[in-house]
Colleague: 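My structure is below; once you've seen it, I'll send some questions.
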Amino acid sequence: MSSSSGQPQFRYSQTPSKVLHLRNLPWECTEEELVELGKPFGKIVNTKSNVGANRNQAFVEFADLNQAISMVSYYASSSEPAQVRGKTVYIQYSNRQEIVNNKSTGDVAGNVLLVTIEGVEAGDVSIDVIHLVFSAFGFVHKIATFEKAAGFQALIQFTDAETAAAARNALDGRSIPRYLLPEHVASCHLRISYSAHTDLNIKFQSHRSRDYTNPYLPVNPSAIEGTLQPTVGADGRKKEPESNVLLASIENMQYAVTVDVLHTVFSAFGTVQKIAIFEKNGGMQALVQYPDVTSAAVAKEALEGHCIYDGGYCKLHLSYSRHTDLNVKAHSDKSRDYTIIDTGILSAPQTSAAGAGGWPSVPFQPASSVYINSAASDGLIGQPAWDASGQRIRPAGYPQAPSATYNGQAYAPSSAPFGVQPGARQSSSVPPSVGQPPLYY
DNA sequence: AGCACA
């Protein structure tokens, strides 16, 4: 029907409507900002914001068509474009005549979040990693994961809507740190809305679903898939007994890996009690002690084969140590005993919201909380792959580590996972990133 | 910088 004569044409209607379509808005533009923008021209009776893949479009609906016309006309001839937070906003008549707000799901705050994990397949993000990330905001009651047309999704149940909202506000649009993901995952943005559910019905503990309120829920044996108990070497593979102490060997050590770096990494999975670093066969190894086998198992599962620094540097290989309680110097170059140095942050459960990020305390995962706080404040989880104008500021993932080296050890890269500068001296026993301002943005 | 959702 339509001509194919290469003439650039407006694909969208210029027919006046009291609904205006706004684009190029700042990310997560609020309804209030939309109202402010339209107020001079008339009464805005409805809005719909955060529309589109980048959530940078919106609709506003005026009470009267003439009001919408006046706004469009004004900016059509104005030398000053419409702006929100300094960004030029492009305004056109919508091709619909009214805003239909579908607030049945997605925008009604509830205690259950619907999380879409973009750019990954179901096997790429373990439920333990999801649990870890969301536990920073409060006790996670239940998680159910599934695959839909939208991609890999998870329902995450918190105690209340406030906790869920805090998690949503902090994590929506952010990414899970790459070292928690398989190497082939380039990016992994979280899109979070509210579920209409209030209480998930979890039937089994499995690799797809968990009920953290009911540890005695039966485990679905066909669905365990090595998430927690990787010991069973059916073909006689790895039969090392589990332990609360992990032996980490570090391959491709281009950068100094300090006790503090290891502490930051391993604290994501539980309270790290002790760390000892030593040389073996010219390579570096470390022993990392947790209070329990479960934390060690989760850490082992999540970190095995992953690199501390982007670019394949400092690759971790983990096995269970035969030790159960390390005898280490409390505070040295090569070892640390966090059970002795009680900073009130590292080894004691947080009982107040006075953490670095001012986030709520995490009753069951104090160590996770510390980690998440540090990661978020350093822009790891929160690392924006996009700047405010929606321009990609970097290729996917972290900046590549620099190639320049000094004495066989690298200069501190401009940024690094965990907010730690490789090779930099860490004189404090506190993980370097906790409470510090972001290194970059 | 180009039109929403169950």
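Chain identifiers are assigned alphabetically (A, B, ...) following the order of the sequence lines, protein sequences preceding nucleic acid strands; residue numbering begins at 1 within each chain.
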Colleague: Would you please classify the geometry between the A/Phe158 ring and the A/Phe134 ring as parallel, tilted or perpendicular, with 30° and 60° separating the classes?
Modeller: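 The rings of A/Phe134 and A/Phe158 sit tilted, inter-plane angle from 30° to 60°.
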
Colleague: Whole angstroms only, please: what is the CZ-C1' distance between A/Arg55 and B/dC5?
Modeller: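 Rounded to whole Å, this separation is 14 Å.
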
Colleague: How close do A/Tyr290 and A/Gly270 get, heavy atom to heavy atom, and via which atoms?
Modeller: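 Residues A/Tyr290 and A/Gly270, closest heavy atoms: CE2-O, 3.7 Å.
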
Colleague: So which nucleotide from B/dA4, B/dG2, B/dA1 ends up closest to the side chain of A/Tyr90?
Modeller: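 Between B/dA4, B/dG2, B/dA1, the one nearest the side chain of A/Tyr90 would be B/dA1.
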
Colleague: Can you measure A/Phe59 atom CZ to B/dG2 atom P for me and round it to whole angstrom units?
Modeller: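 After rounding, the gap between these two atoms is 12 Å.
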
Colleague: Round to a whole Å and report the spacing from CD of A/Gln14 to P of B/dA1.
Modeller: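 To the nearest whole Å, that distance equals 18 Å.
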
Colleague: DNA chain B: A/Asn56 or A/Val19, which has the more 5' nearest nucleotide?
Modeller: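 Nearer the 5' end of the strand: A/Asn56.
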
Colleague: Side-chain contact test, heavy atoms from C-beta onward, threshold under 4.5 Å: evaluate it for A/Asp172 versus A/Arg191 and give yes or no.
Modeller: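 Yes. Closest side-chain heavy atoms under 4.5 Å.
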
Colleague: Where the side chain of A/Gln92 is defined as all heavy atoms beyond and including C-beta, which of B/dG2, B/dA4, B/dA1 is the nearest nucleotide?
Modeller: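 Within the option list, the nearest is B/dG2.
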
Colleague: Rounded to whole Å, how long is the line connecting atom OH of A/Tyr194 with atom P of B/dA6?
Modeller: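 It is 15 Å, rounded to the nearest whole Å.
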
Colleague: If the threshold is 4.0 Å, N to carboxylate O, is there a salt bridge linking A/Asp64 and A/Lys43?
Modeller: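 Here A/Asp64 does not pair with A/Lys43 in a salt bridge, since their nearest N and O are not under 4.0 Å apart.
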
Colleague: What's the CD-P distance between A/Gln57 and B/dA1, to the nearest Å?
Modeller: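 Value for this atom pair: 11 Å.
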
Colleague: Can you tell me how far C1' of B/dA6 sits from NE2 of A/His197, to the nearest Å?
Modeller: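 After rounding, the gap between these two atoms is 14 Å.
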
Colleague: Measure CG/A/Asn54 against P/B/dA4 and give the value in whole Å, please.
Modeller: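 Checked: the CG to P distance equals 14 Å.
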
Colleague: Please figure out whether A/Arg23 or A/Glu98 has its closest DNA chain B nucleotide nearer the 5' end.
Modeller: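 Mapping each residue to its closest nucleotide by heavy atoms, the 5'-most match is A/Arg23.
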
Colleague: Rounded to whole angstroms, how far apart are CG on A/Leu25 and P on B/dG2?
Modeller: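 These atoms are roughly 11 Å apart.
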
